[in-house]
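Everything quoted here is computed from the prediction, not taken from an experiment.
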Amino acid sequence: MSTLQPVRGTHDLLPEEMRRHRAVIERARGIAERYGFEEIATPVFEFTDVFKRTLGDTSDIVTKEMYSFSLKEGEEITLRPENTAGVARALISNGLHQNLPLKYFYAGPMFRHERPQKGRQRQFHQIGVELLGAPQPQADIEVIAVGRHILQELGILQDTVLELNTLGDPESRTAYRAALVSYFEQHETSLSEDSRARLTRNPLRILDSKDEGDRKVVEGAPAFEDYLNETSQNFFAEVRRGLDELGIPYQLNSRLVRGLDYYTHTAFEFTSDRLGAQSAVLAGGRYDGLIETMGGPATPGIGWAAGIERLAMLVQDVSPAPRAVAVIPVGEAAADQALKLTQELRHRGYVVDLGYSGNLKKRMKRANQMHARAAVMMGDDELKAGQVTLRDLDSGEQETLALDALPARLDTLY
RNA sequence: GUGGCUGUAGCUCAGUUGGUUAGAGCGCCAGGUUGUGGUCCUGGAGGCCGUGGGUUCAAAUCCCAUCAGCCACCCCA
């Protein structure tokens with residue numbers, strides 16, 4: 001093993017793995033477009049404030065996971081840990097709120113300074129959608145539907161479960177949060193150290209604690225549904241009704257809470273038990289307060305993000321790379337002819353490999369290694385007669401035919 | 001950030017209680033076939049045994065540190 005290692009938590013995407021990533025991205029993009037989501041790309045870094053203000057000062061991402069840098073000019077920038085904040089910033093920067101609602105799809109790298117493990121890297125990749133400017137529950141339904149459709153298209157829907165919860169509107173959430181804090185404070189001595197810290201940072205998280213002592217305390221905790229006001233109840237009911245209408249099954253999970261502060265109402269996660277310690281494949285929710293928090297006009301939003309590495313781990317069928325035609329000139333005289341033929345075939349749509357060096361045997365071997373479909377051999381003998389030799393590398397059968405007739409003959413092999 | 005396991009050839013892995021020149025399979029290169037791949041046969045190249053320090057007459061093997069991977073926690077895609 002070389003001592004020259006990549007930075008911890010980063011990986012090279014070599015062709016085989018890259019193909020899986022591409023398959024995920026391209027299929028997802030195709031489905032998202034059917035739902036009217038247009039692709040955009042925002043910068044991989046933003047001013048640190050963009051993330052600090054949107055993610056909340058107490059979130060784990062902000063407190064310990066951001067890759068932040070100070071520039072010579074004194075500016076503080078951060079590699080994006082997620083993309084919703086960037087999209088929201090773009091909406092404000094470009095004055096896009098004139099054209100609401102907007103539907104965006106994105107794909108790209110994200111960066112979080114976490115301890116790497118299976119399904120978790122420091123540079124990873126996400127696809128995601130954001131639907132901005134639609135306060136209606138229909139938007140939630142559509143956003144969940146497109147996510148589900150993509151999982152279906154990837155052939156991994158059966159490996160996932162949709163979990164659903166509501167965090168209510170700000171009024172309900174605030175009320176519930178207060179009730180929770182007051183309850184947990186009474187039982188503070190029975191809580192784990194982690195959960196006591198959560199009490200001030202993110203009390204909702206205590207509900208999802210794995211600590212046995214915590215769980216006992218949680219059993220007696222107030223239930224969110226008792227604190228949902230009418231607006232929040234109606235909204236959630238509408239979302240559920242829509243999912244039922246579409247035949248989208250889900251499991252209610254009242255412990256499903258989001259680490260990020262800007263979420264309201266709908267929270268959902270497609271989870272899988274095939275990702276090691278990780279479970280979330282595609283997760284998101286509604287963030288009605290986000291854009292206003294950033295200083296933009298009050299604009300509701302809902303979206304999700306999915307980890308491409310995690311999706312790629314589940315995807316079974318990846319269409320293989322197209323098979324090449326190997327053009328093999330033999331002798332100096334054939335080189336020019338081979339070059340011309342190669343170019344012609346490429347314009348015709350074929351993947352063509354024209355080796356740079358080596359004898360015939362070596363080139364045949366290379367053609368085989370790249371899993372080429374056919375080899376076209378051009379030697380002095382053939383050229384004098386205006387011919388080439390075409391070898392079918394699957395069957396081993398070979399024929400000599402006129403150069404002019406080659407393209408049409410090749411078409412029959414594919 | 002915390003705890004545990006692991007690190008030997010490009011890959012997957014052997015390597016005995018510390019003891020000559022560290023092995024295998026696959027892959028790679030060459031030859032058998034001067035214009036014919038995939039199968040087969042023969043030969044070859046390729047290792048600071050993750051890195052640095054220590055113990056010892058002697059370290060891949062024992063100890064410490066460090067880096068990386070994996071697993072769990074935290075949290076998340």
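Taking 4.5 Å as the limit, every side-chain heavy atom of A:Ile40 sits out of range of all side-chain heavy atoms of A:Phe105. Contact check for A:Leu207 versus A:Leu180: side-chain heavy atoms found under the 4.5 Å cut-off.
Between the side chains of A:Glu382 and A:Thr389, at least one donor N or O sits under 3.5 Å from an acceptor N or O. A side-chain donor from one of A:Asp214 and A:Ser192 sits under 3.5 Å from a side-chain acceptor of the other.
Look at CD on A:Glu397: it is 15 Å from C1' on B:rG38, rounded to the nearest Å. Rounded to whole Å, atom C1' of B:rU36 lies 16 Å from atom CG of A:Asp380. A straight line from CE of A:Met364 to P of B:rU36 spans 9 Å, rounded to a whole angstrom. Protein atom CD1 of A:Ile328 is 8 Å distant from nucleotide atom C1' of B:rG37, rounded to whole Å. Atom-to-atom, CZ of A:Arg373 to C1' of B:rG37 comes out at 14 Å; the value is rounded to the nearest Å. To the nearest angstrom, C1' of B:rG10 lies 15 Å from CD of A:Glu16. As a whole-Å value, the separation of A:Lys361 NZ from B:rG35 P is 10 Å. Per the geometry, CG belonging to A:Leu151 stands 12 Å off C1' belonging to B:rA77, to the nearest Å.
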(request) List the steps and the verdict of ring-ring contact (aromatic ring centres under 6.0 Å, His included) for A:Tyr414 and A:Tyr350. (result) CA-CA 10 Å; A:Tyr414 281 84; A:Tyr350 286 104; 5.0 Å; yes

**OP:** Go through A:Gln121 and A:Thr10 one step at a time and tell me if the side chain to side chain contact (heavy atoms under 4.5 Å, CB included) criterion holds.
**Re:** CA-CA 6 Å; A:Gln121 303 167 219; A:Thr10 67; over 6 Å; no

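In this structure, A:Met377 reaches the bases: a heavy-atom distance under 4.0 Å links it to at least one base atom across the strands shown. Within 4.0 Å (heavy atoms only), A:Gly396 reaches at least one base atom of the nucleic acid. Heavy atoms of A:Ala280 sit under 4.0 angstrom from primed sugar atoms or phosphate atoms, though from no base atom. Using a 4.0 Å heavy-atom distance criterion, A:Gln121 is classed as a base contact. If you check every strand for non-hydrogen atoms under 4.0 Å, A:Asn359 touches nothing. A:Gln398 comes within 4.0 angstrom of a base, heavy atoms only.
Base pairing annotation: B:rC62 forms a Watson-Crick or G-U wobble pair with B:rG54, both donor-acceptor distances under 3.5 Å. Shown here, B:rG18 forms no base pair; nothing in the strands shown gives a Watson-Crick or G-U wobble contact with both key distances under 3.5 Å. Searching all strands for a Watson-Crick or G-U wobble partner of B:rA24 with both distances below 3.5 Å returns B:rU12. Within the shown strands, B:rG32 is the pairing partner of B:rC40 under the Watson-Crick or G-U definition, both distances less than 3.5 Å. Of the nucleotides present, B:rU6 is the one that pairs with B:rA68 by Watson-Crick or G-U wobble criteria, both distances under 3.5 Å. The partner of B:rC73, taking Watson-Crick or G-U wobble pairs whose two distances both stay under 3.5 Å, is B:rG1.
Closest-nucleotide positions on RNA chain B for A:Gly379 and A:Arg310 were compared, and the one nearer the 5' end corresponds to A:Gly379.
Taking the P atoms as reference points, B:rA24 lies 14 Å from B:rG46, given to the whole Å. One C1' atom belongs to B:rG37, the other to B:rG32, and the distance between them is 16 Å to the nearest Å. B:rG54 sits 15 Å from B:rG18 when the C1' atoms are compared, rounded to a whole Å. One C1' atom belongs to B:rG15, the other to B:rA9, and the distance between them is 14 Å to the nearest Å. Rounded to whole Å, the separation between the C1' atoms of B:rU17 and B:rU21 comes to 23 Å. A distance of about 14 Å separates the P atoms of B:rC49 and B:rG23, rounded to the whole Å. Annotation: B:rA58 and B:rC73 have their C1' atoms spaced 43 Å apart (nearest Å). Only the P atoms considered, B:rG50 is 33 Å distant from B:rU39, to the nearest whole Å.
Remark: A:Lys365 is not in phosphate contact with B:rC28, judged by side-chain N or O atoms under 4.0 Å from OP1 or OP2.
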In B/S/- notation (B base, S sugar-phosphate only, - none; protein heavy atoms under 4.0 Å), nucleotides 67-74 of chain B written 5' to 3' is SSSSSBBB

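Of the inter-residue distances, the one linking A:Lys365 atom NZ with A:Asn359 atom CG reads 11.0 Å to the nearest 0.5 angstrom.
Within a 6.0 Å sphere centred on CZ of A:Phe45, heavy atoms belonging to other residues, nucleotides or ligands number 12 at most.
The ring of A:Tyr176 has its center closer than 6.0 angstrom to the ring center of A:Tyr227.
Side-chain atoms of A:Arg286 never come within 3.5 Å of backbone atoms of A:Thr264 as a donor-acceptor pair (strictly under, hydrogens ignored).
For B:rG38, its base never sits under 3.5 Å from the side chain of A:Asn368 at any donor and acceptor pair.
Minimum atom distance to the side chain of A:Thr389 is reached by B:rU36, of the listed B:rU36, B:rC29, B:rA30.
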